[in-house]
Structure formats: structure tokens, C-alpha cells
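When a residue number appears, it is its place in the shown sequence, counting from 1. Since this is a predicted model, take the numbers as computed values, not measurements.
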Amino acid sequence: MKRIFPDYTYGDGPRQGCWWDETIAAPDWPEQQGDLQVDVAVIGGGFTGASAALHLADAAVSVAVCEAETPGWGASGRNGGFCCLGGSKLSYKAMCRRYGEVAAQAYSEAESDAVQLVESLLDRYGIDVDRHSKGETQLAHSHRAMEALRRNADENGILHEAADLFGLGLNGPFHGGYTTPVGFGLNPRKYLFGLTQAARAQGAVFFQNSPVLSIEKTASGFAVQTPKGQIRADKVLVCTNGYSSEDIPSWMSARYMPAQSTVLVTRPLTQVEKAAQGWTSDQMSYDTRNLLHYFRVMPDGRFLFGMRGGLQSSPKAEAAIRMQVQRDFKRMFPAWSEVDVTHIWSGMVCMSRDLVPFVGPVPGQAGMFAGFAYHGNGVAMGTYSGRALARLALGQTSGLPNVMSETARRFPLGRWRRALMPPAYAAMGLADL
């Protein structure tokens, strides 16, 4: 594999201390060995790959999923658990300017459809994910940000002025907010394992510790090589997102940008402690910063708090970003500054150059498809993209908006494209002031 971050990024260091690991045991998948023939091979066992496998198996298609690590090891097993609108980093107005209003509206509808798809899968397969929160609230971190919320508010949501927040149980250093009724919080590891269990029950095969080393085009399809065997498949789906490799397949090179997100979880808060801060709601929320913070009280009373912003990956850099997320947490919620933080971990989200997700065929590789770049909103959008990939593998129309179907462009600087991030983050930080 050829990856653009140091080896430390792809080891166990960043995810040590992940709270979700303690909430549900991982399934015991076998390692891929020997020769196997299937209709579709899926690379990556996260939300996208699991959703693709489930929808393929539901259509009576034979499918094998190769996970390079253990179940839930990647972003899908260590994210914040926000099933919400999102997937793009473009504003609606920017999307209208680039793609046209019709396309922008279709993408907005796709975001809602993605959340509804997760809901339908939870109901259909009886997956218990500790669901909570009625929609999602964006909280203004400045007067200017609140003015923007007022300008962009519509009848689909509820605008909150600063004086409203305490009564809503959302007290903090905020100047108001806006709640959209779409979305909910969940345990991402329980959701992922629920998807994979449903897929396996319908015949899908999942392998762990089985990284794909190469993909070779053959006369009848593809030969997918793992350390101990080979899978021959008519179709291949690449679902590796922020943990992608530059050469699996080579087309992926420079078309994705991993970026770090760090999360902490506290011990369970008491009712007295919640009242002291004035944060008594279980509403999942995030602030209006470009380098945003996201947070929620979970059903067991623990508080989850995450942030974007880490650019380096090493033991020293990891220690620094863990200190930073704790400082931000204490600054924003000072009444909890003495509350024990019991878990902290980091993982990689994925961006595209065009700041929108991509789902579609890999050019020059008939029968190969890829889906990636959910910009930190992979619970819903990854699930939605996985279903679309399954449809493409079945020879059906994807049902995707055009915004997601345009071939992802390469970032400048190729394997050295990480050099683009410090000035971009600096500019976003200045804009957040």
C-alpha cells in the first residue's frame, strides 16, 4: 500500500482509548485464504462497504468484503456517531453557483434520503444503536455567524436566539442556533456491526486482517490479491475513504485527502453537573466554525466532544491534539472542567478536491466502482453511497444526484498534497475569529 501519512496513522496509536470499543464486542471474521470466486468483491468493511454488501446480498448476489484490519478498526468504528445531513463542505449557495440550482436541490434531497435510509435499515433489521436526539442543532460561535444563521434559516427548521438556549438545555458560549429536524445520534460501532450481521445473514462473506495488495484486470473480471489468497470477482467496489491507498487502485492517487478528527468522552455526568453547565439536552450539536466542534450527551450520561484540526500524525502530534481537544472542551463547557475525561482517540475523515462526495465508475476499469469523501459525515452518506455502489454493480442506475457522479479530480502536488492543508487550515482558522 502507498499512503500519504506516516505509518503511525495506520497503526493502533491514534485509536487507542476509543470508547466505542467498550460498548460492543467485535465479530470474529475469518482471514481470507486460498481462492474464492464471487460476483462482487468489496474493499473496505466500513459503512460504505457494509451497506454495499448488504444491498448486494439482499439481491442474491455473492459478495466478499475484505477489511484490512479488524472489524470496526477504521473511521466507521471510531467516529462521533452523528447520523445527520452533510457529506459536502460546499454551502448551498456555492453548490448552486458551481452545479446549478436544480443539481444543488437534488443533492440536498439526497442528504435527507441518506438519513432516512439509515432509519429504514435500523427498523428493518432491528439494530439497537442507542439512538437519541431529534434532529441536529448548529450553534453560532460569533455574532457574525449568528447573522448568517438568520439569513439562511428557512421554514424547515427552527431558529434560536441566544436567550432561547438556556431553556432548551443548550447553554454555552453561543450566540444562538438553528435546529434542523433531520438526524439523530447513534453508537457507530453498534450500527456498523448491525449492518454486517444483517449482510452475513444473507450470505455476504466478511474477512478481517485481509488487506488488498493488488487488483488485476482479467478477461472475466478482476483478481483481488490478499496476503494469503485471491478473490476472483466480476465487479469490484472500492470503499476505503480516508484510509485509502494511492495504488488500490492507482486511479485513487491524489483524488482523496485524509484529515484528522479527534474525539473525547467523559465519565457519566450527574443531573447536578448538567444543570450547573445548563446543558441538559441530548441534542446532537455542532458549532459554526470551519474547524468545527461537535458534541452531545449520550444516553448513558457521558458527554462526547470532538473537533477537526490535527494536521500531523505521530506520537508527539497525537499527544498535542489530545491536549488541544481537552482545552477546547473545558473552555466551551467550563462547569465540567474538573470532570474526568475517560477516553480520547483520533481518526481520519476524507475530503475531495471539489468538496463533494464521489460515487461512480473508475475510468478505464470497466466493472470497478469507488465511493469516498463524505467530509466527516459518513454515517448517513457512507450508507447511502454503499447502496448506490451496489446498484451500479448490479447494472442499475445509481439514483444519485449529478453532484456526486462527476469524476473526482486530483489534488495538486500528488503524494505531497498534505502541504496544501496548513495554509488552508490557517485561512479557516482566521475566518472563524
Would you sort out whether Arg289 and Asp328 count as a salt bridge (charged side-chain N to carboxylate O under 4.0 Å, His left out), showing the intermediate values?
CA-CA 13 Å; Arg289 291 177 173 86; Asp328 285 11; over 6 Å; no
State which residues pass ring pair (Phe, Tyr, Trp, His ring centres under 6.0 Å) with His175; sequence neighbours excluded, sorted by chain then number.
His143
What residues, two or more places apart in sequence or in another chain, satisfy ring pair (Phe, Tyr, Trp, His ring centres under 6.0 Å) together with Phe184?
none
Side-chain donor-acceptor pair under 3.5 Å between [X] and [Y], yes or no?
X      : Y      : result
Tyr294 : Gln138 : no
Arg308 : Ser261 : yes
Asp282 : Ser133 : no

Which residues pass the side-chain contact (heavy atoms from CB on, under 4.5 Å) test with [X], not counting sequence neighbours?
X      : result
Thr70  : Trp73, Gln208, Asn209
Ala94  : Leu90, Ser91, Arg97
Asn402 : none
Glu22  : Trp19, His343

Approximate separation, where rounding is to 0.5 Å, of Arg409 CZ and Phe358 CZ:
13.5 Å
Ignoring hydrogens and angles, write down the donor-acceptor pairs under 3.5 Å from the side chains of residues 192-199, residues two or more places apart or on other chains.
| residue | atom | partner | partner atom | Å |
| --- | --- | --- | --- | --- |
| Thr196 | OG1 | Leu192 | O | 3.4 |
| Thr196 | OG1 | Phe193 | O | 3.0 |

Arg255 NZ/CZ over Phe372 ring centroid, <6.0 Å and within 45° of normal:
no
Does anything in residues 117-139 pair up under ring-ring contact (aromatic ring centres under 6.0 Å, His included), and if so which pairs, sequence neighbours excluded?
none
May I have all residue pairs that pass ring-ring contact (aromatic ring centres under 6.0 Å, His included) and include part of residues 200-242, sequence neighbours excluded?
Trp29-Phe206
N/O donor to acceptor pairs below 3.5 angstrom from side-chain atoms of residues 231-238, sequence neighbours left out:
| residue | atom | partner | partner atom | Å |
| --- | --- | --- | --- | --- |
| Arg232 | NE | Gln230 | OE1 | 3.3 |
| Arg232 | NH2 | Gln230 | OE1 | 3.3 |
| Lys235 | NZ | Ala393 | O | 2.8 |

Taking the side chain as every heavy atom from C-beta outward, state whether [X] and [Y] have any atom pair closer than 4.5 Å.
X      : Y      : result
Asp247 : Ser253 : no
Pro401 : Glu109 : no
His293 : Ser285 : no

List the atom pairs, with distances to 0.1 Å, where a side-chain N or O of residues 379-390 and a protein N or O form a donor-acceptor pair under 3.5 Å, not counting sequence neighbours.
| residue | atom | partner | partner atom | Å |
| --- | --- | --- | --- | --- |
| Thr383 | OG1 | Tyr191 | OH | 2.9 |
| Thr383 | OG1 | Val379 | O | 2.6 |
| Ser385 | OG | Met381 | O | 2.8 |

Phe329 and Phe333 aromatic ring geometry - parallel, tilted or perpendicular at 30°/60° bounds
tilted
Is it true that, when you exclude Glu101 itself, more than 12 heavy atoms of the residues, nucleotides or ligands shown sit nearer than 6.0 Å to its CD?
no
With sequence neighbours excluded, residues passing side-chain hydrogen bond (donor to acceptor under 3.5 Å, both in side chains) with Thr9
Ser313
